[in-house]
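Each remark here refers to the structure printed beneath this line.
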Amino acid sequence: MRVYNSKTNIKANYQEGIPHFVIRVDFESRIDATQCKEDLTDIQAILKLEKRTQEFVERELRATIEKLQKEFQVDIFGFG
C-alpha cells in the first residue's frame with residue numbers, strides 16, 4: 001500500500017489531571033503491488049487489506065511516538 005494523501009488532527013484534554021491526546025489520521029492509499037493470492041476484484045479482500053493497513057499505520061505511529069518520547073525525550077509532534 002502506498003499512502004499518497006493524509007490529514008492529521010490532534011485533540012488534547014485532561015483526564016484526572018493527566019493530559020491525553022487523540023490523534024486522528026485520515027489517509028488515502030492505493031495498492032502498488034501485491035504478491036498475495038487475494039482476489040482484488042472481491043470487495044471483502046479489499047476491506048481486509050484496508051484493515052491491515054490501518055492496523056499497521058497505527059502500530060507504527062504508536063511505536064514512533066513512544067520511542068521519541070522515552071528514548072530520545074523529544075517532542076517533535078508538539079504535544080507540549
Side-chain angles (χ1 to χ4, degrees):
M1 301 294 276
R2 179 180 299 248
V3 174
Y4 62 91
N5 190 15
S6 67
K7 181 179 178 182
T8 305
N9 186 344
I10 302 172
K11 292 186 179 182
N13 61 39
Y14 281 92
Q15 295 176 1
E16 299 179 18
I18 299 172
H20 289 267
F21 298 90
V22 176
I23 303 170
R24 179 181 171 104
V25 179
D26 293 313
F27 62 91
E28 296 176 41
S29 62
R30 66 173 180 249
I31 299 172
D32 259 4
T34 182
Q35 295 177 351
C36 67
K37 296 179 182 179
E38 297 285 340
D39 177 10
L40 298 180
T41 62
D42 179 19
I43 189 66
Q44 293 304 318
I46 298 296
L47 293 174
K48 184 176 160 184
L49 287 172
E50 285 180 354
K51 179 78 172 157
R52 290 175 61 191
T53 301
Q54 175 186 347
E55 291 168 350
F56 173 79
V57 169
E58 184 174 343
R59 272 194 319 271
E60 290 297 307
L61 285 173
R62 282 184 187 276
T64 299
I65 292 168
E66 288 176 9
K67 183 170 186 155
L68 289 169
Q69 287 179 335
K70 292 178 181 172
E71 189 174 327
F72 298 105
Q73 297 180 358
V74 295
D75 182 20
I76 67 167
F77 298 105
F79 296 142

Can you give each donor-acceptor pair under 3.5 Å made by side-chain atoms of residues 51-61, sequence neighbours left out, with the distance rounded to 0.1 Å?
{"residue": "T53", "atom": "OG1", "partner": "L49", "partner atom": "O", "Å": "2.8"}
{"residue": "E58", "atom": "OE2", "partner": "R62", "partner atom": "NE", "Å": "3.4"}
{"residue": "E58", "atom": "OE2", "partner": "R62", "partner atom": "NH2", "Å": "3.3"}

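Rounding to the nearest 0.5 Å places CZ of R24 at 9.5 Å from NZ of K7. To the nearest 0.5 angstrom, N13 atom CG is 11.5 Å from I18 atom CD1.
Linking Ile, Leu, Val, Met, Phe, Trp and Tyr residues whenever their side-chain heavy atoms come within less than 4.5 Å places I76 and F72 in a single cluster. Under a hydrophobic-cluster definition in which Ile, Leu, Val, Met, Phe, Trp and Tyr are linked whenever side-chain heavy atoms come within less than 4.5 Å, directly or via other members, I65 and V74 are assigned to the same cluster.
The shortest non-hydrogen separation linking S6 to F27 is CB-CB, 3.8 Å. The two residues Y4 and S29 make their nearest non-hydrogen contact at CE2-C, 3.7 Å. Nearest heavy-atom pair across I46 and L40 is CD1-O, 3.7 Å.
Residues meeting the salt bridge (Lys or Arg N to Asp or Glu O under 4.0 Å) test with R2, sequence neighbours left out: D32. Every residue two or more places apart in sequence or in another chain that forms a side chain to side chain contact (heavy atoms under 4.5 Å, CB included) with A45 is listed here: E38, D42.
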Just do the side-chain contact (heavy atoms from CB on, under 4.5 Å) check on V3 and E28 with the steps written out, would you?
CA-CA 6 Å; V3 174; E28 296 176 41; over 6 Å; no
